[in-house]
Amino acid sequence: MAVSTIYSTQALNSTHFLTSSSSSKQVFLYRRQPQTNRRFNTLITCSQETIVIGLAADSGCGKSTFMRRLTSVFGGAAKPPKGGNPDSNTLISDTTTVICLDDYHSLDRYGRKEQKVTALDPRANDFDLMYEQVKALKSGVAVEKPIYNHVTGLLDAPELIQPPKILVIEGLHPMFDERVRDLLDFSIYLDISNEVKFAWKIQRDMAERGHSLESIKASIEARKPDFDAFIDPQKQYADAVIEVLPTQLIPDDNEGKVLRVRLIMKEGVKYFSPVYLFDEGSTISWIPCGRKLTCSYPGIKFNYEPDSYFDHEVSVLEMDGQFDRLDELIYVESHLSNLSTKFYGEVTQQMLKHADFPGSNNGTGLFQTIVGLKIRDLYEQLIANKATARAEAAKA
Amino acid sequence: MTTIAASGLSVATPRVVVVPAVRVSAPVRLNYPWKLGSMNRMVVVVKATSEGGISDKVEKSIQEAKETCADDPVSGECVAAWDEVEELSAAASHARDKKKAGVSDPLEEYCSDNPETDECRTYDN
């Protein structure tokens with residue numbers, strides 16, 4: 001005997017009614033069954049959880065290596081918006097949108113010259129607009145964001161930005177304004193020491209006509225007071241600080257090729273568990289080169305210790321030296337814990353994928369990749385948490 | 001110049017406007033050889049705004065900054081001038097990187113924008 005079940009669907013308008021809760025943009029459908037007293041709830045969520053990451057970096061805007069590594073961890077290459085202003089600073093990939101905070105300059109280059117302020121000065125930036133737009137994007141509303149054209153130095157017509165899953169705001173002042181700071185789910189500060197900054201700027205600018213050692217030095221010196229007053233204090237609010245210092249392995253090194261990089265991770269941040277070496281909370285000094293691993297000069301040295309940074313408890317993981325070969329990288333990765341990788345060797349794979357990026361053979365690349373994985377982990381935890389919270393609210 | 005008032009139409013013949021002409025390379029045989037000297041020698045050259053533009057800007061801004069700071073090295077103008085130099089140098093280096101990266105295969109470019117098309121599908125296993 002054939003058994004068939006017949007499902008009768010009742011017209012939507014007769015016995016269904018809709019309520020929407022504005023806070024989380026969810027739609028609940030209630031279907032009233034005249035026979036039974038049970039209520040069937042179907043949940044449709046049209047909201048998209050957006051997490052906001054802040055990255056404080058000097059003279060880097062969406063095109064920096066850090067951004068490219070970060071977007072690569074999430075998958076897909078980030079590209080400027082198609083068909084828009086070719087001088088746009090925004091990068092968009094499938095999951096991530098990177099916004100350059102220079103777009104929120106209230107004064108363009110000529111305005112700043114007139115008012116005699118640098119771009120580092122908060123007077124040259126519109127923090128109200130920044131706060132409003134980041135808040136809007138976080139709650140799933142598209143915004144028309146202004147464009148600051150770095151080539152002409154003028155503010156161009158705005159472009160439409162759709163709310164992404166992960167929003168990264170990169171620039172000089174992501175953590176300056178308190179309201180914007182509260183919107184950030186995770187914040188990173190890239191702290192380059194003066195010697196390394198000088199060496200990098202020389203590398204970058206010596207090819208330019210008109211630049212000389214003195215002009216590069218004068219440029220850094222002139223910006224220093226504003227930098228120390230406005231940008232540097234943001235360090236204390238960051239959840240992770242990547243400090244780049246000259247190496248201690250080579251005495252009197254002034255080439256700046258070998259770097260000592262410290263990853264300072266704040267303790268007690270929600271969804272963020274710091275990376276550690278061997279034993280959490282202890283002090284370890286580790287030189288992986290020896291019998292099992294042979295490294296070339298100057299080798300690699302790791303340090304891990306708990307510390308206090310601006311009155312916060314932090315864990316510091318430090319790497320001095322360079323990777324020369326693939327097996328050094330995988331060896332190091334296998335000894336680090338809490339990396340938030342999905343499979344063994346993921347850090348190495350990500351580093352190799354972008355072997356042509358600067359910093360791929362030292363701590364800068366390694367820690368940037370690790371921070372990228374941590375952010376992915378944070379994102380997934382946040383999503384999972386919100387999903388369970390919603391499910392519980394629906395059951396209640 | 002002449003207006004045909006009778007028909008109500010005013011046709012004004014346009015005055016001859018000297019337009020910068022493209023330079024004529026070969027010597028031109030003129031019917032009026034005394035007009036040779038009055039040939040227009042202006043040449044319109046179309047210059048594409050390229051990376052060369054930014055490099056020039058950088059150079060100019062450095063000179064300006066040096067001049068501004070010669071008077072007073074700690075004034076707001078001096079600091080703002082060097083900040084401008086920094087911004088332009090960064091823009092110039094980005095432009096250089098983009099140019100270097102831009103020398104790519106047209107197929108690659110097409111595929112990065114349209115990975116789902118038949119020519120661009122990749123099988124990774």
Side-chain angles (χ1 to χ4, degrees), chain A residues 58-65 76-77 79-80 82-83 86-87 89 94 102 105 107-121 124 148-153 200-201 203-212 214-227 356 358, chain B residues 47-104 108-116 120 122 124:
Chain A
D58 191 12
S59 57
C61 233
K63 302 169 180 90
S64 64
T65 322
K79 280 178 287 220
K82 278 193 224 153
D87 290 321
N89 303 308
D94 304 324
D102 283 353
H105 279 330
L107 297 169
D108 62 16
R109 201 179 289 155
Y110 304 98
R112 273 177 279 151
K113 212 192 310 206
E114 227 179 296
Q115 305 271 344
K116 304 183 199 138
V117 292
T118 61
L120 306 160
D121 198 309
Y148 177 77
N149 191 322
H150 280 103
V151 178
T152 59
W200 282 1
K201 292 219 166 142
Q203 250 182 351
R204 185 191 73 179
D205 292 336
M206 277 313 254
E208 272 307 317
R209 249 181 313 138
H211 257 304
S212 61
E214 293 82 31
S215 68
I216 297 174
K217 195 152 188 220
S219 170
I220 298 180
E221 295 290 320
R223 292 172 93 234
K224 207 159 179 310
D226 269 0
F227 188 85
D356 53 330
Chain B
K47 193 174 184 177
T49 46
S50 63
E51 181 224 294
I54 305 183
S55 292
D56 291 333
K57 280 195 190 160
V58 172
E59 213 182 344
K60 223 179 13 166
S61 67
I62 297 175
Q63 270 176 329
E64 259 181 52
K66 285 194 187 146
E67 283 162 25
T68 325
C69 292
D71 313 321
D72 182 10
V74 261
S75 69
E77 289 116 339
C78 176
V79 176
W82 282 119
D83 186 44
E84 199 181 316
V85 169
E86 166 61 37
E87 194 195 335
L88 283 165
S89 307
S93 94
H94 285 150
R96 248 181 290 138
D97 290 340
K98 229 199 278 192
K99 193 161 169 241
K100 243 190 280 172
V103 190
S104 66
E108 283 248 24
E109 234 182 277
Y110 173 70
C111 284
S112 64
D113 290 336
N114 310 287
E116 70 286 351
C120 302
T122 50
D124 277 321

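Note that these values count all heavy atoms, side chains included, but never hydrogens, waters or copies made by symmetry. Throughout, protein chains are lettered first and strands after them, A, B, ... in sequence-line order, and every chain is numbered starting at 1.
- For chain A, the nearby parts of E77(B) are the backbone and the side chain; heavy atoms of each come within less than 4.5 Å.
- Options E221(A), K116(A), E214(A) differ in how many heavy-atom pairs under 4.5 Å they form with chain B, and the most are formed by K116(A).
- Residue V79(B) touches chain A through both its backbone and its side chain, counting heavy-atom pairs closer than 4.5 Å.
- For a residue to count as touching a neighbouring chain, one of its non-hydrogen atoms must lie under 4.5 Å from one of that chain's; by this rule V151(A) touches chain B with backbone and side chain alike.
- Side-chain atoms of S215(A) do not come within 3.5 Å of backbone N or O of H211(A) as any donor-acceptor pair.
- Contacts of A80(B) with chain A are made by both backbone and side-chain atoms, with heavy-atom separations under 4.5 Å.
- Looking only at distances, a side-chain donor or acceptor of N89(A) sits under 3.5 Å from a matching main-chain atom of Y148(A).
- Between chain B and the options G210(A), S212(A), S219(A), heavy-atom pairs under 4.5 Å are most frequent for S219(A).
- Atom CD1 in I62(B) sits 12.5 Å away from atom NZ in K60(B) (nearest 0.5 Å).
- More than 12 heavy atoms of other residues, nucleotides or ligands lie within 6.0 Å of NZ in K66(B), so this atom counts as buried by the packing criterion.
- Judged by distance alone, with hydrogens and angles left aside, the side-chain atoms of S89(B) form a donor-acceptor pair with the main-chain N or O of V85(B) at under 3.5 Å.
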